[in-house]
Amino acid sequence: MPHINAAAALQISMLLFALPAQYFISQWYGTDSAERIQITGRIIASWSISTRSYLSLDAWADRLKLWLSKTRNWYYGENKAKSAANEVKPRSYLAESAHVHSPKPEYIKFRVGQVIIHRRFGYSGVIVGWDVKANTPEEQLQPRYPPVKQDLKDTPHYRILINKANGFGKSTAYVSEEEITVIMGLEVYHPDMETYFSGYDGSKYIMQPWLKKLYPHD
């Protein structure tokens, strides 16, 4: 039995396809020779494109390279995303940490949403966060707390939005618990109030849902 290569097989297939194709064209497009020639040309062109796409080893090789490239990009992209997720995030200071503060130690006297007055400087403000002890870079703690007050570093600290009505130069503060006292019936004016709170009930501010999740016991 003679050996038939791929090219010969393709030629035989085209010859076998030609007869039913001519019958189909004559049945559907009538006897007009010009129209039949035009339709035949389109079919031959489509057949030629299909054979180049699906019977060519080069075409299949290109498809394989494309698939491998997409797979490689997906694999390395997934690993990069996982690596980024596992990286240690920079530490948050000044009661700005996004971790949930629960359980709340009993020695934390004040709550988020309470209005306070600074004992020394006299400004008022509202508490928007707290730490169980001073959470700030050591180089900032040293000048703030001299040797005789080093023990204050280990006491609760609070982040404050300072009342703009006081005319105080700063807009926020980070203070120890002994520096502030709570006051009732005083409203605070600050451009970031609506970010943290949804309203005021006369004694304290009502936390926004996202803040309540961070301080569920306040």
Side-chain angles (χ1 to χ4, degrees), residues 77 80-218:
K80 185 175 182 180
K82 290 178 181 177
S83 176
N86 291 330
E87 287 180 359
V88 177
K89 295 182 179 180
R91 183 177 176 181
S92 297
Y93 294 108
L94 307 178
E96 291 187 304
S97 173
H99 79 273
V100 177
H101 293 63
S102 179
K104 182 179 182 178
E106 293 183 1
Y107 58 82
I108 302 290
K109 186 186 299 185
F110 304 134
R111 296 181 295 170
V112 173
Q114 287 185 308
V115 178
I116 60 87
I117 289 182
H118 195 279
R119 294 177 183 272
R120 179 182 176 188
F121 297 115
Y123 64 76
S124 59
V126 59
I127 298 172
V128 294
W130 51 258
D131 292 315
V132 294
K133 63 179 181 179
N135 182 21
T136 186
E138 188 65 28
E139 60 270 18
Q140 295 181 19
L141 283 175
Q142 290 299 331
R144 181 172 181 178
Y145 297 120
V148 294
K149 290 189 175 182
Q150 285 296 303
D151 58 327
L152 289 179
K153 295 190 300 183
D154 296 322
T155 63
H157 277 62
Y158 300 84
R159 181 172 177 82
I160 309 295
L161 293 185
I162 297 176
N163 194 349
K164 287 294 184 181
N166 299 149
F168 199 71
K170 295 170 60 177
S171 62
T172 62
Y174 188 65
V175 297
S176 65
E177 191 169 85
E178 75 159 21
E179 296 178 85
I180 58 176
T181 186
V182 170
I183 184 172
M184 300 288 185
L186 178 66
E187 293 191 52
V188 174
Y189 298 93
H190 190 284
D192 294 333
M193 289 297 291
E194 291 185 359
T195 301
Y196 293 93
F197 306 107
S198 60
Y200 181 64
D201 66 5
S203 62
K204 66 182 182 344
Y205 281 89
I206 310 302
M207 288 185 279
Q208 294 283 11
W210 70 267
L211 190 58
K212 185 63 177 178
K213 288 181 180 179
L214 299 184
Y215 297 92
H217 307 294
D218 280 17

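Basis for what follows: all heavy atoms, side chains included, without hydrogens, waters or symmetry-related copies. The first residue in the sequence is number 1, and the count goes up from there.
Y123 pairs by the ring-ring contact (aromatic ring centres under 6.0 Å, His included) definition with H118, F168, not counting sequence neighbours. Listed by chain and number, the residues in a side-chain hydrogen bond (donor to acceptor under 3.5 Å, both in side chains) with S124 are N163, N166 (sequence neighbours excluded). Considering only residues two or more places apart in sequence or on other chains, K104 meets the salt bridge (Lys or Arg N to Asp or Glu O under 4.0 Å) condition with D218. Evaluation of the salt bridge (Lys or Arg N to Asp or Glu O under 4.0 Å) rule for D151 yields no partner, not counting sequence neighbours. In this view, F110 and Q114, I127, Y158, E177, I180, V182 satisfy the side-chain contact (heavy atoms from CB on, under 4.5 Å) rule, not counting sequence neighbours. K212 meets the side-chain contact (heavy atoms from CB on, under 4.5 Å) test with M207; sequence neighbours excluded. With sequence neighbours left out, P105 forms a side-chain contact (heavy atoms from CB on, under 4.5 Å) with Y107, I108, W130, V132.
Listed by first then second residue, pairs satisfying salt bridge (charged side-chain N to carboxylate O under 4.0 Å, His left out) with a partner in residues 196-205 read D201-K204, not counting sequence neighbours.
Pairing each heavy atom of T155 with each of L152, the nearest pair is OG1-O, 2.7 Å. Nearest heavy-atom pair, I162 versus A173, reported as atom, atom and distance to 0.1 Å: CD1-CB, 3.9 Å.
Around the NZ atom of K149, the shell of radius 6.0 Å holds no more than 12 heavy atoms that belong to other residues, nucleotides or ligands.
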All N/O donor-acceptor pairs, side-chain side in residues 184-194, below 3.5 Å, sequence neighbours left out:
residue	atom	partner	partner atom	Å
H190	ND1	D192	N	3.0
H190	NE2	S171	O	3.1

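In this structure, the side chain of Y205 does not engage the main chain of V128 through any donor-acceptor pair within 3.5 Å.
Atoms OG1 and CD1, from T181 and I116 in turn, are 9.0 Å apart once rounded to the nearest 0.5 Å.
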